[in-house]
Amino acid sequence: MSNQPIQNKNEGAYMSVMRGLRELDLRGPCVPSDLVLIGDHAFPLAMNSRGQVLMAASLYGRGRIVVLGHEGYLTAFPALVENALTWLRGDGSDNLSVGVHENIKAVADKISKSSFQANVVGAFSDNLGVGVYVTDAYSLGADVKDLVAFLKAGGGVLIAGQAWNWAANHPTENTLLQFEGNKVSGVAGIYFSKRYGEVECLPVYPQIPSSWMARVIGKDFEDDLEFLLEGVSEFDLQGGAVPSELLVHGPLAFPIGTTGDGRAFLAGAYYGQGRVIVVTHEGFLGHETLAPFWKNAIHWLDEGRQGVVGIAPNHALEVLRKSGLQCEKTDFRKDLSVFVCTAYSDHHAEEIRDFVAEGGGLLIGGHAWYWAQTHPGQNELTDFPGNKILNTMGLSLLRATIGGGIYKAPVPSQAIKDAYHFRHLLHRFAGHVTQGEELTEQEEKFLTKLGQDCVNYLQLKAHDCSSYTQVVSTLTDIVMKSDMPQVCESSPVKSPKDHLLLSVAAHVYKICPDPDALLPSLIKDNPLMPVVYNHKIQIDANTAGREEWISTGLYLSPGMKTYISIPAEIVNKGWKIQIGCQTDHLQSEVLKRAPCVHERFPIISEMMQVWNLWGGLIYLVAPLNTQVEGLKVTVQMAVPAPYYKSGVTTAADWLLLRTAPSPWAELEFDNIILTVPSDVVRSLDRPDQLAAHWDEIMRGIADLASIPHKFPRKERFVTDVQISHGWMHAGYPIMTHKSTAAELVSIEHARSEGLWGPIHELGHNQQRGCWEFPSHTTECTCNLWSVYVHEEVLGINRAQAHPCMTLENRNRRAEDYAKNGKKLSNWHMWVALETYMQLQDKFGWDAFKKVFAAYHKMSNFPSDNDGKMNLYAETFSQTVGMNLAGFFKAWGWPIQTVTEEKLSNLPPWTDHPMVQYD
């Protein structure tokens with residue numbers, strides 16, 4: 001992983017065509033068309049100060065094309081034309097023959113003065129034997145198909161003209177599809193539009209020009225929506241199908257069906273000479289209630305050809321036949337007019353893209369959320385099969401889902417004005433940040449969504465695509481010119497604008513060409529810290545069914561890069577490097593830190609460069625089922641952290657280490673690792689005593705759970721300024737607020753006040769589905785560990801450990817529960833805990849240890865609560881040698897006759913505490 005500027009592979013082509021040119025003086029009689037660019041391969045050659053593209057180039061198949069926004073440019077810029085011909089001829093071709101259409105034969109004279117041989121022809125034909133064909137945009141006639149085939153097979157095409165005059169004379173026709181020149185250039189993703197381009201003297205830039213002002217929507221889609229929504233007032237997405245959200249990002253892509261908050265589930269796009277419609281669950285293709293829409297959609301895709309509609313998914317056939325067009329069940333064929341398929345195969349991806357580019361219609365249905373869930377670590381935007389077809393068309397399926405329901409169809413005239421469109425709002429936001437343009441109330445409302453869409457869009461990683469680099473440069477501009485919120489506990493972020501900036505900053509930093517130039521705009525206060533060089537770390541790992549973080553005791557400050565040298569044994573084996581320990585993703589309206597502040601890098605080479613905009617402790621992440629010992633990793637440069645490891649760090653080492661400059665410290669004991677702000681350990685004199693204290697607590701956790709004292713994976717506590725939910729939450733790591741850090745490292749506090757919360761979370765990590773009855777016991781059985789550890793390890797009586805555990809409160813809860821009819825709907829958390837406490841009062845902790853041990857030996861557990869509760873009642877009864885069926889029934893448990901029969905030979909517990917309420 002390198003942080004070198006990512007080179008767009010079209011830069012070389014741009015430099016070839018613009019070689020030796022300092023400026024293009026476009027002032028003069030020619031009024032060019034503004035060109036619209038889509039797809040992966042089209043890029044601008046000349047862009048005016050308003051962001052209008054007046055000259056562009058692209059690739060299609062094996063061939064190349066250059067498009068000039070006015071035919072006058074063919075003679076006005078001979079050096080440019082000569083460069084273009086050289087590039088169009090292709091690398092390694094020695095064919096110097098150029099075909100020139102007779103309507104522009106003046107160009108032939110200029111070409112003949114170069115090394116090329118010009119042949120003036122009346123029309124294009126296959127047997128001209130030329131390497132490049134030059135034409136204006138009006139003289140293509142019947143040559144279109146042959147010219148596209150020539151381009152696709154490796155030929156070069158230079159085409160020039162403007163479409164505004166044609167559009168004025170053909171007001172009802174679709175310029176993108178019907179204007180002669182677009183029938184060739186559009187296939188390669190460049191369209192002559194009906195808008196005038198403003199002329200000026202343009203400097204020739206050293207790289208492909210881009211501007212946040214560039215037009216981001218290439219067409220007004222009102223007429224398309226009117227056609228598609230004829231007779232359609234709503235979209236019925238009811239039923240079990242869960243659709244994905246769709247990111248609509250291309251200049252010629254537009255939403256058709258959206259939720260109230262602007263998330264799309266149905267959209268269309270122009271691509272080349274063809275069209276596409278995407279619905280985000282294939283099941284909807286067969287929905288009777290959507291039949292009127294599908295009829296319109298098929299006709300819109302067929303464009304009046306009355307051709308064959310090939311349908312791959314069986315269930316769609318009946319409904320789509322109602323379109324009145326000829327529908328047949330078939331896999332992809334080139335002779336179809338429209339192809340209907342699902343998004344789960346990219347088997348014909350390239351052929352399908354070419355089919356649409358050359359005029360075909362595509363209707364595709366499918367969701368990406370299930371694929372994303374079942375392919376962890378993969379990027380659904382680039383790796384999901386459907387997106388390999390759709391991304392270049394300006395549409396991408398996301399892992400986010402949309403709820404079922406009935407959604408209103410948009411009003412076409414309103415939709416154009418009010419609808420959320422990613423590229424348009426980004427353009428408006430850039431104007432707001434860079435030029436103070438006011439946003440409408442509606443636009444303000446959509447800013448949070450825009451932030452999420454920017455993050456998703458950047459995952460496309462389409463660095464060779466000019467519209468992608470355009471977005472990256474727009475976002476870089478936004479980030480550099482806005483006052484980046486310096487979020488922290490004392491300066492939280494609340495506004496949608498600041499939310500957007502925080503979400504996007506780290507992603508832009510990761511992929512912009514010059515991250516170092518961006519850093520001071522993002523992080524204002526970033527003091528230099530002392531570092532250590534070539535620090536060696538020994539790696540030992542023995543992971544069972546779960547991944548494990550290995551601490552390094554090192555920290556990277558915000559934006560700081562380092563190289564890590566990795567032993568060959570763990571390269572491409574699922575290992576990762578992680579920077580940052582706070583792994584919660586925040587979705588709160590008020591943020592005290594950025595939503596995501598950690599980074600992970602898959603280890604794919606023996607030398608890795610890593611960094612994190614927000615900085616963080618450095619970890620190696622060992623994948624599950626991995627065993628390595630004594631491997632050495634070297635970190636080239638990093639900031640030392642206060643890091644204590646039992647059995648490794650000596651008392652003398654610690655006195656020095658505790659002053660290390662990193663803001664985060666780690667204390668690694670036998671079974672637990674505490675990650676806390678360094679301030680709380682600066683005065684910790686005896687970490688060995690704290691280690692003994694936590695070792696005793698962890699032994700207590702293990703004893704109650706009836707598991708070995710050595711945990712299969714050490715537990716981790718990580719403190720943070722803000723976490724995703726609750727005051728603390730369980731998991732790996734257990735997350736808790738920064739303010740609890742001092743309690744975690746104080747023996748005195750633990751022995752006097754207790755640690756109910758932290759032990760409760762450690763208890764959560766011991767819960768097992770086989771004896772858990774969600775949602776009743778989710779927040780209850782974890783407290784068994786809280787009570788046990790406080791009484792047996794810390795010497796604090798349960799009534800002192802938590803106010804809810806006084807005898808008075810316990811008795812009142814049991815009584816209220818009984819009086820209210822012993823309904824299981826009321827049996828949760830503290831009420832449920834009383835059931836277990838009554839068992840503990842009678843049978844002691846030993847009974848619980850034996851019950852948990854018995855479960856370790858069992859398999860094939862029931863999956864429903866009723867079955868699990870009966871198994872628990874039976875297991876506890878057998879363990880203590882007493883029939884507890886009556887006791888559990890008194891608590892309202894659904895004890896079955898078969899369970900009572902199994903336990904009938906044991907003496908019943910007749911004087912249990914609930915008898916008094918019978």
Side-chain angles (χ1 to χ4, degrees), residues 9-10 12-14 16-17 35 37-43 45 55-68 71 73-74 80-105 107-108 110-112 114-161 179-192 271-274 334 350-351 353-359:
K9 71 169 186 281
N10 293 325
Y14 171 79
S16 301
V17 180
L35 304 175
L37 273 48
I38 66 159
D40 274 2
H41 302 302
F43 58 95
L45 296 169
M55 300 179 181
S58 187
L59 311 171
Y60 185 67
R62 300 208 305 277
R64 300 171 173 186
I65 186 169
V66 168
V67 181
L68 308 180
E71 66 275 18
Y73 296 162
L74 287 169
L80 172 74
V81 168
E82 192 176 338
N83 286 349
L85 292 174
T86 304
W87 178 71
L88 289 168
R89 195 181 67 184
D91 309 323
S93 164
D94 49 9
N95 186 347
L96 294 173
S97 176
V98 175
V100 178
H101 193 278
E102 61 186 5
N103 288 2
I104 46 167
K105 59 173 173 287
V107 183
K110 301 238 179 200
I111 290 174
S112 297
S114 70
S115 54
F116 291 96
Q117 291 130 28
N119 303 324
V120 177
V121 295
F124 176 80
S125 75
D126 285 346
N127 51 20
L128 288 177
V130 296
V132 180
Y133 185 69
V134 185
T135 177
D136 62 25
Y138 326 113
S139 311
L140 299 167
D143 308 342
V144 167
K145 273 205 163 21
D146 290 343
L147 196 49
V148 168
F150 166 74
L151 173 64
K152 193 174 185 179
V157 175
L158 173 56
I159 184 169
F179 174 64
E180 204 71 35
N182 284 337
K183 293 178 181 176
V184 175
S185 65
V187 171
I190 302 173
Y191 300 86
F192 298 91
Y271 181 67
Q273 278 290 288
K334 287 184 175 148
E350 200 172 335
E351 289 170 90
R353 284 200 304 268
D354 289 356
F355 164 76
V356 179
E358 291 169 30

In this structure, CD1 of Ile159 is separated from CD of Glu71 (nearest 0.5 Å) by 11.0 Å
So which heavy atom on Lys152 is nearest to which on Asp354, and how close? CE-OD2, 3.3 Å
Any idea which heavy atoms bring Tyr133 and Ala123 closest together, and the distance? OH-C, 3.9 Å
Show the nearest heavy-atom pair for residues Gly161 and Ala137, with the distance to one decimal. CA-CB, 4.0 Å
Hey, could you give me the CZ/OG distance between Arg64 and Ser58, rounded to the nearest 0.5 Å? 11.5 Å
Between Val81 and Lys110, is the side chain to side chain contact (heavy atoms under 4.5 Å, CB included) condition met? List the steps. CA-CA 9 Å; Val81 168; Lys110 301 238 179 200; over 6 Å; no
Closest non-hydrogen atom pair, Ile104 against Val100: O-CG1, 3.6 Å
Short side-chain to backbone donor-acceptor contact, Gln273 and Asn182, under 3.5 Å: yes
Nearest non-hydrogen partners of Met55 and Tyr73, listed with the distance: CE-CD1, 3.6 Å
Testing Thr135, Leu68, Val67, Val107 one by one against Leu158 for a side chain to side chain contact (heavy atoms under 4.5 Å, CB included), which residue passes? Leu68
Could you walk me through whether Leu88 and Val134 pass the side chain to side chain contact (heavy atoms under 4.5 Å, CB included) check? CA-CA 10 Å; Leu88 289 168; Val134 185; over 6 Å; no
Report, as yes or no, whether the 6.0 Å neighbourhood of atom CD on Glu350 holds more than 12 heavy atoms from other residues, nucleotides or ligands. no
Okay, side chain of Thr86, backbone of Glu82: is any donor-acceptor separation there less than 3.5 Å? yes
Here the gap from Asp143 atom CG to Glu180 atom CD, rounded to the nearest 0.5 Å, amounts to 9.0 Å
Quick check, are the ring centers of Phe124 and Phe150 under 6.0 angstrom apart? yes
With distance as the sole test, does Tyr191 use its side chain to make a donor-acceptor pair with the main-chain N or O of Gly181 at under 3.5 Å? no
Any Asn103 side-chain heavy atom under 4.5 Å of Tyr138 side chain: no
Side-chain donor or acceptor of Ser185 paired with backbone N/O of Ile190 under 3.5 Å: yes
Close side-chain approach of Val148 and Glu358, heavy atoms under 4.5 Å: yes
So which atom in Ala118 and which in Ile111 form the shortest heavy-atom distance, rounded to 0.1 Å? CB-CG2, 4.1 Å
How many angstroms lie between atom CG of Leu151 and atom CG of Asp146, to the nearest 0.5 angstrom? 12.5 Å
Rounded to the nearest 0.5 Å, what separation is found between the CZ atom of Phe43 and the CG atom of Leu59? 6.5 Å
Given 3.5 Å as the limit, does a donor-acceptor pair link the side chain of His101 with the main chain of Gly122, or not? yes
Donor-acceptor pair, distance only, cut-off 3.5 Å: does the side chain of Asn95 make one with the backbone of Arg89? no
Would the distance check show the side chain of Arg62 and the main-chain N or O of Ala153 forming a donor-acceptor pair, the cut-off being under 3.5 Å? yes
